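Note that these values count all heavy atoms, side chains included, but never hydrogens, waters or copies made by symmetry. On a predicted model such as this, the values are computed, not experimentally measured, just so you know.
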Amino acid sequence: MFNFFKTKGPKNAKTQGTEKPADSSNRSNTQIPKSIEKVKGMLNQEFSLCSDFNLREINLGTLNTRIVIASIEGFFDKAILAENIIEPIINYSGDKNYSSVFTLLSESILSVSDVKDLYSFKECLSGILTGDVVLFIDGQDKAFKIGLKSPEKRAVSEPDTEISIKGSREGFSENLKTNLILLRRRIKNTKFKVESLVLGEQTNTDIAICYIQGIAAPEVVEEVKNRLNRINTDAILATGYMEQFIQDGKMPVFPMVGNSEKPDKVAAKLLEGRVAILADGTPTVLTVPFLIIESFQAQEDYFGEYYFASFMRLLRLMSFFVSVYLPGLYVAVTSFHQTIIPFKLMLTMAATREGIPFSSFIEALIMVITFEILREAGLRMPRAIGQAVSIVGAIVLGDAAVSAGIASAPLVIVAALAGICSFIVPPLMKIGSVLRIIILIAANILGLLGIGFVTYMFTIYLCGKKSFFVPILSPFAPFRGESLKDTFIIAPIWSMHSRPRSLTQNQNRKRTTGKTFAPRGSKK
C-alpha cells in the first residue's frame, strides 16, 4: 500500500527502481540468490564490521541440504533458537516426502508459530535488523523469517507525567507490541484497526496507526496515512519527531497534536473518533485531531460527580488565565491605571515599592524569568534533589529579593501565583510561559489596551486554525450546541447521547441511549 523505504531519485523518473543497482543499499533490493554461497557473501558485505551479527550454517539432517541462519545477537534467547530451530533441523532423519525442502521445514520441522515467507533480500535485511531470525535454504529463492525476539522492556507502570486519582494506573511503555496490547484490552472489538508502517531511512522505526472503523472519519484516517507516508527523514526516535512533520502549519503557536501516556485516555479518545499514532521506543502516543478543550480535561472527570468535575474544569480554565494574565495586569494597573486600585491597597503597594530601583515592568520580567529558570532547573536536576532545588530556591530567592529591595512583596506573590497556576494545565504550560511574557510586554506599552489587543489577535489566530480538518476551538467556533456537554461544564455520562460531530463527521455518533429508571418496587 505504501512504499515505506522510498528513496529520492531523479525527478523525471517514472517509477522507482528502474536504474541498475550500484551500491549495497540497491543490491539489497534484489531477489534472494539460490546459491547459498552468494547469500553468505551478500550478508557478510551488508553486516561487515557488525560484531553482533551471527551467521550459522548447518545441514538438514540426512538430506544434507545446506541452511544458513542469520540473526543479530541479543534480541532473543539462544536456547530457544537451538531447541526449536537448529536441533530439529540437524536431527531430522526422515525422507524427503515433500514437494520441496521449503515445505518440509514449514510443515514438519520448525516448531515455532511465527513463521513468514520472504521473497526479496530487502525483506530479509529488514527482518534481521528488527530482531527476527532469517533462514536461507540452498537452492531456494525465498527464505523464512522466524519471530523469536523477546527484548528487554520496562514493566507497565503509572506514568509520572499524568497522575490519576481514580481509574487505571497503567501507562504505556517503550515496547510497541505491549502498547497495542494495552489498547486491545480496553477495546475488544474487531473494528479497532491497527495499521503498521516503517519510518526513518536509518532507524527503520515501527509505527502503528490505530482507529475504530465506523467511528473515525475516513478522510482523517487517510490524511494521517498520507502525512506519515510523506515523511522523508533519517531518524524517527520518538513520536515527537513525527508530531512536527504532521501538525498543521509550519510553525504553529498552540499545540496541534494531542499526546498521552495513559492507555485509558487514548482509548477514550479513539472512541470519540480520533486516530492514535504509536512508535516503537517511546511511551508517548499522539492523537489527532486535537481540540484546545482537551487541555482542560482529566480522565478522572468521568469517574466521579459531574458537578465537582465541572467545578474543577472551570478552576483549570481560571488558573490558565491567571498564569497568563496576572503579571501583565499588575504592570498595566500599577503603570497606567492606578485609579482603579482601592486607595488603601494603593498605599500599601506604594509603601512596598519604596526604594526599588526598577520599574514595575522590569521588576515583573525579572521575577517571571527567574521562576522559569527555577522550574527548568527542577525538571532537569536528578529527581532526588530537583524538588528541593525548586522549592528552596524559590523561597530563598523570593525572600532575598524583597529584603534587597530588588522586588516588592506583592510582585513576588503575583509571580509565584502565576507560576503555580501554570502547572495546573500541563498541555498549555509551554505556550502559557511565552504568552505571559508577550502580554507583559504589551501591558508595559499600552496598558489594558495592549492586553486586549494581544488577546484579540490570538483569538483570531485560534479561530482560523484546524487540526486535520477540525477547528481546534470546536465546539465553540464553529458553535455546536449538542457537543457542549463535555467542555468546560461536563454533563453526566448517561446524558452524552452522541459523540462530537466535529470528530466523527458522518460516522456512527451514537454513544448511549441514556439512563432508564424503573418504578419503585418493580423488577426490571
Side-chain angles (χ1 to χ4, degrees), residues 1-7 16-17 21 23-48 50 52-60 63 65-76 80-82 84-86 88-89 92 98-151 176-177 194-208 280:
M1 182 176 179
F2 296 106
N3 183 9
F4 302 122
F5 293 89
K6 183 164 55 178
T7 57
Q16 300 225 356
D23 53 18
S24 60
S25 61
N26 286 330
R27 282 197 297 270
S28 64
N29 295 328
T30 60
Q31 292 184 347
I32 301 173
K34 290 186 177 182
S35 172
I36 204 69
E37 293 296 334
K38 290 185 178 179
V39 170
K40 291 171 61 177
M42 294 174 67
L43 288 174
N44 288 326
Q45 180 180 358
E46 292 289 344
F47 292 97
S48 61
C50 296
D52 56 348
F53 174 68
N54 291 327
L55 197 62
R56 172 76 184 274
E57 182 177 346
I58 58 178
N59 289 329
L60 176 57
L63 300 180
T65 303
R66 299 171 66 188
I67 294 177
V68 166
I69 300 174
S71 63
I72 291 181
E73 186 177 356
F75 277 103
F76 52 84
I80 298 177
L81 174 63
N84 294 281
I85 298 178
I86 297 178
I89 292 176
Y92 180 74
Y98 293 85
S99 58
S100 66
V101 178
F102 210 80
T103 307
L104 172 63
L105 288 170
S106 62
E107 296 183 2
S108 297
I109 298 180
L110 298 178
S111 58
V112 292
S113 59
D114 187 6
V115 179
K116 182 181 179 182
D117 299 346
L118 302 179
Y119 296 93
S120 71
F121 197 71
K122 179 177 106 174
E123 293 178 322
C124 297
L125 293 178
S126 177
I128 296 172
L129 290 171
T130 54
D132 294 317
V133 176
V134 177
L135 190 147
F136 299 90
I137 306 168
D138 191 20
Q140 300 289 331
D141 58 354
K142 55 183 178 179
F144 280 123
K145 184 177 75 170
I146 304 171
L148 296 178
K149 59 182 178 181
S150 56
L176 180 60
K177 291 186 177 180
V194 179
E195 299 188 25
S196 301
L197 60 148
V198 177
L199 292 178
E201 294 182 1
Q202 304 297 332
T203 59
N204 290 325
T205 307
D206 293 324
I207 309 297
D280 192 25

To the closest 0.5 Å, what do you measure between [atom1] ([X]) and [atom2] ([Y])?
X: Leu55; Y: Ser71; atom1: CG; atom2: OG; answer: 8.5 Å
X: Lys145; Y: Asp114; atom1: NZ; atom2: CG; answer: 7.5 Å
X: Phe144; Y: Ile67; atom1: CZ; atom2: CD1; answer: 9.0 Å
X: Leu129; Y: Asn204; atom1: CG; atom2: CG; answer: 7.0 Å
X: Ile109; Y: Leu104; atom1: CD1; atom2: CG; answer: 4.0 Å
X: Leu105; Y: Leu135; atom1: CG; atom2: CG; answer: 6.5 Å

Geometric class of the Phe136/Phe121 ring pair [parallel <30°, tilted 30-60°, perpendicular >60°]: tilted
Which heavy atom of [X] sits nearest a heavy atom of [Y], and at what distance?
X: Ile32; Y: Ser120; result: CG1-C, 3.7 Å
X: Lys34; Y: Asp138; result: O-OD1, 3.3 Å
X: Val39; Y: Pro33; result: CG2-O, 3.5 Å
X: Asp132; Y: Gly147; result: OD1-CA, 3.5 Å
X: Ala143; Y: Val134; result: CB-CG1, 4.2 Å

Phe102 vs Asp117, side-chain contact (heavy atoms from CB on, under 4.5 Å): CA-CA, chis, key distance, verdict: CA-CA 10 Å; Phe102 210 80; Asp117 299 346; 3.5 Å; yes
Worked verdict on Leu148 versus Ile85 for side-chain contact (heavy atoms from CB on, under 4.5 Å): CA-CA 10 Å; Leu148 296 178; Ile85 298 178; 3.6 Å; yes
Residue pair Phe75 / Val133, side-chain heavy-atom distance below 4.5 Å: no
4.5 Å side-chain heavy-atom contact, Glu46 and Ile128: no
Any donor-acceptor pair under 3.5 Å from Thr130 side chain to Gly127 backbone: yes
Side-chain donor/acceptor of Asp280 to backbone N/O of Asp206, under 3.5 Å: no
Derivation of the side-chain contact (heavy atoms from CB on, under 4.5 Å) call for Thr30 and Met42: CA-CA 11 Å; Thr30 60; Met42 294 174 67; 3.8 Å; yes
Evaluation steps, side-chain contact (heavy atoms from CB on, under 4.5 Å), between Asn84 and Ile146: CA-CA 11 Å; Asn84 294 281; Ile146 304 171; over 6 Å; no
